[in-house]
Each structure stands twice: as C-alpha cells, then as structure tokens.
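This report concerns only the one structure given below.
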Amino acid sequence: MNKTPIKITHVIIALTLIIVGVVGAVTPYSFNWLSTTFFGSASLLIIFGYRQFKSMMKPMERPFFWRLAMLLLLSFLIKGGIVAVGEIFSLVDVNAFPTNPAVGAAHNGGILSNVIEVIKTSVSIVGEELLVAGITLPLYFYVKNNKFGWVLSNLIGCLAFEIMHIVTYDFQLWPCLMVGLSRYPYSQAWKSTNSLRGGMYIHLISDLIILVPAMFIW
C-alpha cells in the first residue's frame with residue numbers, strides 16, 4: 001500500500017499529530033469525536049502525500065466479502081480467547097471492565113441523542129484506523145524486506161492501539177490488551193483488500209454490533 005519514499009522528519013511530525021489526536025479524543029470538549037479523524041488524516045497526508053493517501057482510501061479489491069467476514073470472526077475469537085484466559089486463570093473480573101463511554105452517554109439520553117452518539121462513534125472509529133495506519137504503515141515501509149516485517153508492524157500498531165485506550169478503560173490492562181490484540185485483523189484487512197476501508201468496515205461492524213444493542217435495546 002505504501003510505495004512512496006518516506007522522510008523520517010515527516011514521520012516525527014506525524015507521530016506528534018497522532019499523540020495530539022489521541023489526547024484530543026479523550027479530552028471532554030464538544031468536538032473530541034472529530035479528533036482521531038482529523039489528526040489521523042493529517043498524519044497520513046504528511047507522511048505519504050495526497051496521491052498515496054487517496055490510493056489508500058480507494059475501493060477494496062474484490063472479492064472482499066469473505067475475507068472481511070473471516071477477519072471479523074477472527075477478531076471476535078481473539079476477544080473471546082483473551083476473556084476466557086483471564087477468567088480461567090482468575091486474572092481478571094470481566095464484570096469489572098469499564099463501560100464504553102458511548103454506552104454510558106446513551107443511557108443518559110433519548111433515541112435522537114443515541115443516534116447522534118452512534119454517528120460520532122462511527123466517525124471516531126474511522127479516525128482510529130487512520131491513527132493506527134499512521135504508525136503501522138511507515139514502520140512497515142522500513143521493515144518490509146524482513147520476513148516478519150508485516151507481523152511486527154501490525155503488532156506494534158496493536159500495542160499503540162492499546163495505549164490509545166488506556167484512559168478510556170481507566171488504566172486497566174486487561175481490557176486494553178483485549179482491544180489491542182483483537183484489532184490485528186483490522187490492519188490485516190488493509191493488506192487483504194489493499195485499502196484502509198477494509199479495516200474501517202470491520203472495525204465499525206465489530207464495535208457497532210456491541211454498541212447499538214446496548215444503546216437501543218438493553
């Protein structure tokens with residue numbers, strides 16, 4: 001996906017923007033839900049330029065349905081496996097996991113406010129993919145000739161994603177580990193479909209499958 005030469009100075013600037021984007025997302029101000037998308041896009045534009053960024057966002061290569069379905073299933077299996085390990089070895093109390101802020105906000109609002117919350121959350125999720133791409137893809141550019149270059153880059157992106165959620169999950173390690181490792185298939189979807197859209201779509205589906213029922217049914 002990344003063929004354009006990368007300047008280390010651009011990477012440093014982009015990483016700074018990514019940090020600002022994460023901090024902005026957890027800061028309680030009116031437009032914090034735009035922070036990940038704005039700064040994630042800016043970081044990729046600085047590193048790769050407009051043409052390459054546009055190419056990254058192109059429609060997915062076909063066939064993609066079953067690829068995305070299998071990666072989405074894998075993400076849920078990873079989440080379930082991590083929860084099971086924690087429960088079996090008494091490493092964590094799943095019932096003590098912090099509630100997603102979007103769900104908490106929904107419980108205090110009506111249908112219209114919940115719909116707005118879903119839209120805001122969706123925009124933020126897209127931005128999260130852009131932020132992680134701003135870390136994973138430049139790293140892969142430098143290690144792509146290594147046999148395990150993609151795996152290493154993806155895992156480091158997952159670690160960064162864990163760190164991004166530390167405040168969201170009240171500094172609890174286990175839920176951060178769960179959301180971090182279970183996003184490995186999201187980044188793999190970029191590679192499988194040759195488009196960032198792949199990861200965005202299954203990330204959206206994965207989160208909304210949990211959030212929407214919690215907002216409107218439970």
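Taking the ring-ring contact (aromatic ring centres under 6.0 Å, His included) definition, one finds that F39 meets it with nothing, sequence neighbours left out. Considering only residues two or more places apart in sequence or on other chains, W150 meets the ring-ring contact (aromatic ring centres under 6.0 Å, His included) condition with Y140. In terms of the side chain to side chain donor-acceptor pair (under 3.5 Å) criterion, Q172 has no residue partners (sequence neighbours excluded).
Under the 3.5 Å distance criterion, the side-chain polar atoms of N32 are left unmatched by any main-chain donor or acceptor of V26. No donor-acceptor pair under 3.5 Å is formed between the side chain of R197 and the backbone N or O of M60. Of the possible donor and acceptor atoms, one in the side chain of S43 sits under 3.5 Å from a partner among the backbone N and O of G40. In terms of modelled atom types and a separation under 3.5 Å, the side chain of S124 and the main chain of K120 share no donor-acceptor contact. Formation of a donor-acceptor pair under 3.5 Å by the S182 side chain with backbone atoms of I78 is not found in this model.
In this structure the side chain of T193 reaches within 4.5 angstrom of the side chain of L68, judged on heavy atoms. In this structure, D207 and T121 have side chains that are not in contact, with every pair of non-hydrogen atoms separated by 4.5 Å or more. A 4.5 Å side-chain heavy-atom check between Y184 and S75 finds every atom pair outside the cut-off. Counting heavy atoms from C-beta on, the side chains of V143 and S153 come closer than 4.5 Å. Proximity of Q188 to L74: side-chain heavy atoms (C-beta onward) are nowhere separated by under 4.5 Å.
Judged as a salt bridge (Lys or Arg N to Asp or Glu O under 4.0 Å), not a single pair has a partner in residues 155-178 (not counting sequence neighbours). Among pairs with a residue in residues 76-87, those fulfilling side chain to side chain donor-acceptor pair (under 3.5 Å) read K79-S206, at least two apart in sequence or across chains.
Atom CZ of F89 sits in a sparse spot, with 12 or fewer heavy atoms from other residues, nucleotides or ligands closer than 6.0 Å. Sparse packing is recorded around NZ of K54, with 12 or fewer heavy atoms of other residues, nucleotides or ligands lying under 6.0 Å away.
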Test side-chain hydrogen bond (donor to acceptor under 3.5 Å, both in side chains) on S187 and R183; report intermediate values, then the result.
CA-CA 7 Å; S187 302; R183 76 143 288 113; 2.7 Å; yes
Go through the steps for W33 and E117 under the test side-chain hydrogen bond (donor to acceptor under 3.5 Å, both in side chains), then give the verdict.
CA-CA 10 Å; W33 53 281; E117 198 62 40; over 6 Å; no
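Note: Y186 and H203 have parallel aromatic rings, judged against thresholds of 30 and 60 degrees for the angle between ring planes.
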Donor-acceptor pairs under 3.5 angstrom involving side-chain atoms of residues 8-25: please list them, not counting sequence neighbours.
| residue | atom | partner | partner atom | Å |
| --- | --- | --- | --- | --- |
| H10 | ND1 | I46 | O | 3.3 |
| T16 | OG1 | I12 | O | 3.0 |

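I116 and V123 are assigned to two separate hydrophobic clusters, defined by single-linkage of ILVMFWY side chains at heavy-atom distances under 4.5 Å.
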